[in-house]
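Each remark here refers to the structure printed beneath this line.
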Amino acid sequence: MKKTVLTDVDILSQEVHGRVRYDVRPHPPVTIGLEPVDLTEYTMREHKEKVLAAMRKRDIDVLAVYGDREHGANFGYLTGFEPRFEEGLLVFHKNGDAVLMLGNENLKMTQYARIKAQAVHVPHFSLPNQPMKTDYKFSELLGRAGIQKGRTVGIVGWKLFTGLFEENKKMFDVPGFIVDSIKGICGDGAVLNATDLFIHPLYGVRLQMNANEIAHYEYGASQAAYCVYKVMDSIEPEKTELELADLLAAHGQPPSVQTICASGQRFTNAVAAPRNKKIETGEPVTVTMGLRGGLTHRCGYAVSDEQQLHPGKRNYLERVAVPYYRALTAWYSGIGIGVKAADIYRRTEEILPVETYGWSLNPGHYVAEEEWMSSPFYPDSPVVLKSGMMLQMDIIIHVKGYGGANAEDGAALADESLRNQIKEHYPELWKRFEKRREYMRNILGIPIKDEMLPMSMLCGYFRPYLLDKQKAFYIAD
């Protein structure tokens with residue numbers, strides 16, 4: 001079969017030499033986790049000890065860890081659960097004592113929490129107009145949880161205000177009534193933003209995973225990838241976004257982002273969810289599915305070849321998709337233990353100059369319970385990538401006049417010791433990793449490092465023309 005060579009390219013990175021080609025490629029092996037993996041007691045004890053050590057280093061007496069439906073990952077890191085539709089506050093003391101401040105419908109979760117904790121009923125955290133009966137003011141409830149004058153309290157939300165103005169170090173991203181009440185008890189100078197203890201890209205306690213955590217999160221990442229894969233194989237003109245989006249669900253697992261299945265012009269009438277709109281030939285199509293542990297995103301055109309594109313867009317591959325794939329390949333082949341995150345950023349900028357390709361966010365980030373924890377990839381980043389980190393390739397380009405190009409997935413880094421632990425305790429997971437690695441190296445031509453473990457069956461697999469189900473990009477010598 002004659003191969004179609006799109007373009008000769010220069011060196012993709014220090015590791016990758018070759019040309020981007022677009023031709024028939026075998027589909028990736030279907031490798032999905034079949035059942036969720038719970039976090040073990042060992043893992044939960046490890047979480048607790050990491051946080052206590054960080055508190056001692058910062059000389060913090062008490063942490064007030066906030067959680068709600070959208071922002072519960074730091075809360076859940078210690079408790080094992082997230083508030084579903086109320087607010088919650090975990091008051092965690094430097095001696096290891098814990099108090100769960102919960103509303104009407106979450107109060108029962110105290111008995112199921114993965115950390116031994118006392119319960120304080122806080123109807124202030126309940127839904128509007130529910131019973132608010134309590135004998136205590138909110139400040140008094142905080143006192144019952146151990147927040148008292150003379151103690152240094154670190155408030156943990158979900159944002160980092162680093163890199164902004166100096167005064168922003170005293171900003172908080174949790175409800176004002178909580179912050180004001182804690183300050184009223186302890187004094188303004190004794191209250192600080194301690195979110196960085198959990199998610200700072202250089203030293204956060206949540207950055208490095210053990211084998212159990214990688215197995216836990218691989219379930220969601222692999223399920224999300226498989227859902228997107230099913231949509232990719234089902235895209236046809238006249239099918240609706242709703243029909244395709246029906247495939248973007250995985251056994252009731254909670255999504256980490258808004259599910260996207262959109263064609264043509266997006267956000268009409270400010271609608272972000274899938275609509276009853278038919279796929280039309282020549283339109284761009286975007287598909288996103290995110291679960292705990294990873295997100296898979298694909299963006300291309302609903303065409304079989306360039307002749308089905310508008311005449312002004314027929315150079316889409318050369319202008320947009322090929323350069324994007326070069327950067328994607330450099331990212332996957334570049335990440336590894338001991339690699340400077342700043343070098344990954346620099347390589348991305350070399351391949352995709354910002355002034356030409358219009359990207360403004362980080363070209364990747366940490367991922368875990370939430371889709372975006374924080375990111376080590378930024379100019380002059382001091383972060384050196386380490387074993388146990390879970391990373392998401394997230395390069396988003398915008399070239400005026402064209403639809404996007406995107407093939408986002410995640411990977412974990414594991415040194416030899418961690419790989420051996422996965423082999424021993426999660427042999428089926430290890431087999432999935434091996435199949436994905438073999439596909440990336442041998443079929444897609446991406447020379448990933450030994451420590452790179454693809455969390456998705458679609459890592460590196462990109463079909464820019466979505467109606468041609470057989471062709472994909474790859475690297476050829």
Side-chain angles (χ1 to χ4, degrees), residues 9-16 20 160 162-163 199-202 204 207 221 256-257 286 288 290 294-300 319-368 370-386 389-399 402 404-413 440 444 446-449 451-456 458-462 464 473 475:
V9 298
D10 296 327
I11 297 174
L12 300 179
S13 72
Q14 292 180 1
E15 293 80 12
V16 182
V20 177
L160 296 174
T162 54
I199 67 169
H200 192 280
L202 185 61
L207 302 186
S256 59
V257 297
T286 300
T288 303
L295 173 144
T296 291
H297 176 76
R298 289 298 182 274
C299 182
R319 181 71 176 84
V320 180
V322 167
Y324 172 81
Y325 196 72
R326 292 177 60 207
L328 173 153
T329 304
W331 195 96
Y332 280 125
S333 63
I335 60 170
I337 296 169
V339 172
K340 295 179 180 178
D343 287 344
I344 300 296
Y345 186 95
R346 177 181 53 78
R347 291 178 190 174
T348 304
E349 195 167 38
E350 288 172 353
I351 297 169
L352 299 172
V354 172
E355 64 273 15
T356 302
Y357 293 97
W359 56 279
S360 59
L361 303 181
N362 316 62
H365 51 84
Y366 298 117
V367 64
E370 63 272 70
E371 195 272 332
W372 185 303
M373 182 197 301
S374 60
S375 176
F377 303 111
Y378 53 90
D380 302 319
S381 169
V383 177
V384 175
L385 302 184
K386 298 176 183 179
M389 287 181 170
M390 281 175 32
L391 305 166
Q392 190 87 7
M393 198 289 298
D394 194 3
I395 303 169
I396 304 174
I397 62 175
H398 302 280
V399 180
Y402 298 87
N406 195 289
E408 180 180 347
D409 294 281
L413 298 180
M440 291 187 74
L444 299 181
I446 304 175
I448 56 175
K449 296 177 174 62
E451 62 263 36
M452 190 280 210
L453 305 180
M455 297 287 277
S456 158
L458 295 180
C459 279
Y461 183 69
F462 181 30
F473 280 137
I475 302 298

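The shown structure was predicted, so the numbers you read here are calculated from the model rather than taken from an experiment.
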Verdict with reasoning, Tyr357 to Ile395, per side chain to side chain contact (heavy atoms under 4.5 Å, CB included): CA-CA 10 Å; Tyr357 293 97; Ile395 303 169; over 6 Å; no

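- Less than 6.0 angstrom separates the ring centroid of Tyr345 from the ring centroid of Trp359.
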Residues Leu453, Met390; criterion side chain to side chain contact (heavy atoms under 4.5 Å, CB included); working and verdict: CA-CA 9 Å; Leu453 305 180; Met390 281 175 32; over 6 Å; no

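- The minimum heavy-atom distance between Leu160 and His200, with the atom names listed, is CD1-CA, 4.0 Å.
- A distance of 9.5 Å separates OG in Ser333 from CG in Leu328, rounded to the nearest 0.5 Å.
- Ser256 contributes no side-chain N or O that, together with a main-chain N or O of Glu371, makes up a donor-acceptor pair within less than 3.5 Å.
- At distances below 3.5 Å, not a single donor-acceptor pair connects side-chain atoms of Glu408 with backbone N or O atoms of Leu295.
- The nearest pair of heavy atoms linking Ala341 to Leu385 is CB-CD2, 4.3 Å.
- Minimum heavy-atom separation, Cys459 to Gly410: SG-O, 3.3 Å.
- Side-chain contact between Tyr366 and Val383: present, with at least one pair of heavy atoms (C-beta onward) separated by less than 4.5 Å.
- A donor-acceptor distance shorter than 3.5 angstrom exists from the side chain of Glu451 to the backbone of Ile337, with no hydrogens or angles considered.
- A side-chain N or O of Thr288 and one of His297 form a donor-acceptor pair less than 3.5 Å apart.
- Looking at heavy atoms from C-beta onward, Met455 lies out of side-chain contact with Thr296 at the 4.5 angstrom threshold.
- Ring planes of Phe473 and Tyr325: tilted class, angle from 30 to 60°.
- Across all non-hydrogen atoms, the minimal contact from Ala327 to Ile351 is N-CG2, 3.8 Å.
- Nearest heavy atoms, Lys449 versus Gly336: CD-CA, 3.8 Å.
- Rounded to the nearest 0.5 Å, atoms CE (Met393) and CG (Leu391) are 12.0 Å apart.
- Smallest separation of non-hydrogen atoms from Asp409 and Leu458: OD2-O, 3.4 Å.
- Counting only distance, with no hydrogens or angles, the side chain of Ser375 and the backbone of Gly364 share a donor-acceptor pair below 3.5 Å.
- Of the inter-residue distances, the one linking Leu413 atom CG with Met389 atom CE reads 8.0 Å to the nearest 0.5 angstrom.
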Criterion side chain to side chain contact (heavy atoms under 4.5 Å, CB included) on Asn362 and Asp394, from CA distance to verdict: CA-CA 7 Å; Asn362 316 62; Asp394 194 3; over 6 Å; no

